[in-house]
Amino acid sequence: MRRKIVAGNWKMNGSKDLVNRLVGQVRSGLAPLDNGVEAVIIPPALFVGDVISETGGEIAVGVQNIACWDSGAYTGEISAGMAKDSGCDYSLVGHSERRQLFGETDEQVSVKVARALASGLDAVICVGETLEEREAGKAEDVVSAQVRKAVSEVDGGQWQQVVIAYEPVWAIGTGKTATAEDAQAMHAAIRAVLKSLGAPSEQISLLYGGSVKADNAAALFAQPDIDGGLIGGASLDAKEFVSICRAMPGKS
Ligand code: PGA
């Protein structure tokens with residue numbers, strides 16, 4: 001049985017006021033949630049403590065990024081151990097905005113994955129092709145290479161802490177979503193890559209991200225290899241986020 005996860009990535013949005021309003025609304029909107037979905041809130045790191053207080057332990061919390069190092073003279077960075085110590089369960093790693101805007105490389109992604117897992121965080125590893133790569137017919141090759149490199153240091157029981165989010169870059173924040181069929185095809189390809197690496201591929205949760213909204217989530221989540229979603233813009237609206245969590249079929 002794979003975990004079903006719907007994670008809300010707030011990106012660099014929010015305030016204490018938003019935390020106070022939104023988390024309570026999400027919490028009450030999700031109670032009770034009987035489809036087995038684990039909801040995760042991923043706010044800016046400064047608000048992690050406030051979000052945890054508001055969730056009352058009912059919603060998992062994560063950070064959007066961690067450093068490549070455990071501690072030391074790295075001004076402005078936050079380590080995986082600090083995130084864990086602050087009560088986080090998850091870290092995103094290799095979000096396309098980190099890759100594109102901050103030059104994060106596949107090599108750094110693999111180091112961060114290793115740091116996250118060693119610190120006891122679950123890593124939501126983000127992969128995805130650009131529009132140019134898709135139009136050139138290279139989407140699967142690009143995504144496969146990203147996956148292989150990102151998990152190159154993972155082994156044994158650590159696979160239980162690995163989640164992969166397929167987020168086509170052209171679908172993030174654009175209102176364009178991959179069709180459920182295209183998303184499913186890529187998820188199946190990712191699962192095949194994991195299998196070829198000797199990972200317990202049938203147990204690893206694969207999320208889709210990129211303009212997921214309440215009105216398209218059900219079709220995506222109905223696909224056999226899509227185990228949940230990574231939600232950006234729509235996670236800042238409690239009603240939308242709750243509806244997306246509820247769009248997962250089945251009961252636990
Ligand atoms: P979006 O973002 O839902 O706003 O497209 C998804 C993401 O970047 O994780």
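Atom set for the values below is all heavy atoms of this structure, side chains included, hydrogens, waters and symmetry mates excluded. Counting convention: from 1, in listed order, for ligands and their atoms alike. It should be emphasised that the depicted structure is a prediction, and the values quoted were computed from it without experimental measurement.
In this structure, Ser235 does not count as a contact residue of ligand 1, since none of its heavy atoms falls inside 4.0 Å of the ligand. Not a single heavy atom of Lys213 lies less than 4.0 angstrom from ligand 1. For Ala234, the closest heavy-atom approach to ligand 1 does not fall below 4.0 Å. Not a single heavy atom of Gly209 lies less than 4.0 angstrom from ligand 1.
Residues satisfying the side-chain contact (heavy atoms from CB on, under 4.5 Å) criterion with Glu97, sequence neighbours excluded, are Lys11, His95, Leu101, Ile172. In terms of the side chain to side chain donor-acceptor pair (under 3.5 Å) criterion, Lys213 has no residue partners (sequence neighbours excluded).
In this structure, Glu58 and Leu30 have side chains that are not in contact, with every pair of non-hydrogen atoms separated by 4.5 Å or more. Within the 4.5 Å cutoff, the side chain of Asp182 has heavy atoms near those of the Arg134 side chain.
By the 4.0 Å N-to-carboxylate-O rule, Asp70 lies close enough to Arg115 to be salt-bridged with it.
Just one residue in the list Gln161, Glu38, Lys84 forms a side-chain hydrogen bond (donor to acceptor under 3.5 Å, both in side chains) with Tyr90, and that residue is Glu38. Checking Lys112, Lys149, Arg99, Arg98 one by one against Asp106, the salt bridge (Lys or Arg N to Asp or Glu O under 4.0 Å) holds for a single residue, Arg99.
In terms of protein heavy-atom proximity, atom 7 (C) of ligand 1 is nearest to Glu167 OE2, 3.1 Å. Gly232 N, 2.8 Å is the protein heavy atom nearest to atom 3 (O) of ligand 1. The nearest protein atom to atom 4 (O) of ligand 1, hydrogens excluded, is given as Gly233 N, 2.8 Å; this is a heavy-atom distance.
Within 6.0 Å of the CD atom in Glu77, the count of heavy atoms belonging to other residues, nucleotides or ligands exceeds 12.
Every N/O-N/O distance between Glu97 and ligand 1 stays at or above 3.5 Å.
Interface of Ala171 with ligand 1, defined as ligand atoms under 4.0 Å from a residue heavy atom, comprises 5 (O). Under a 4.0 Å criterion applied to the non-hydrogen atoms of His95, ligand 1 contributes the atoms 7 (C), 8 (O), 9 (O). With ligand atoms numbered from 1 in the order given, ligand 1 contributes 2 (O), 7 (C), 8 (O) to contacts under 4.0 Å with heavy atoms of Lys11. Set against the non-hydrogen atoms of Gly210, the atoms of ligand 1 under 4.0 Å away are 5 (O). Close approach of ligand 1 to Gly173 (heavy-atom distance below 4.0 Å) involves ligand atoms 1 (P), 4 (O), 5 (O). Taking every heavy atom of Ser211 and a limit of under 4.0 angstrom, the matching atoms of ligand 1 come to 1 (P), 3 (O), 5 (O).
Of all the heavy atoms of Asn9, the ones lying under 4.0 Å from any atom of ligand 1 belong exclusively to the side chain.
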Discussion item. For a side-chain contact (heavy atoms from CB on, under 4.5 Å) check, start with the C-alpha distance between Ile5 and Val124, then their side-chain angles and the critical distance, and finish with the verdict.
Written reply: CA-CA 10 Å; Ile5 299 167; Val124 179; over 6 Å; no

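Using cut-offs of 30° and 60° on the angle between ring planes, the pair Tyr166 and His187 is perpendicular.
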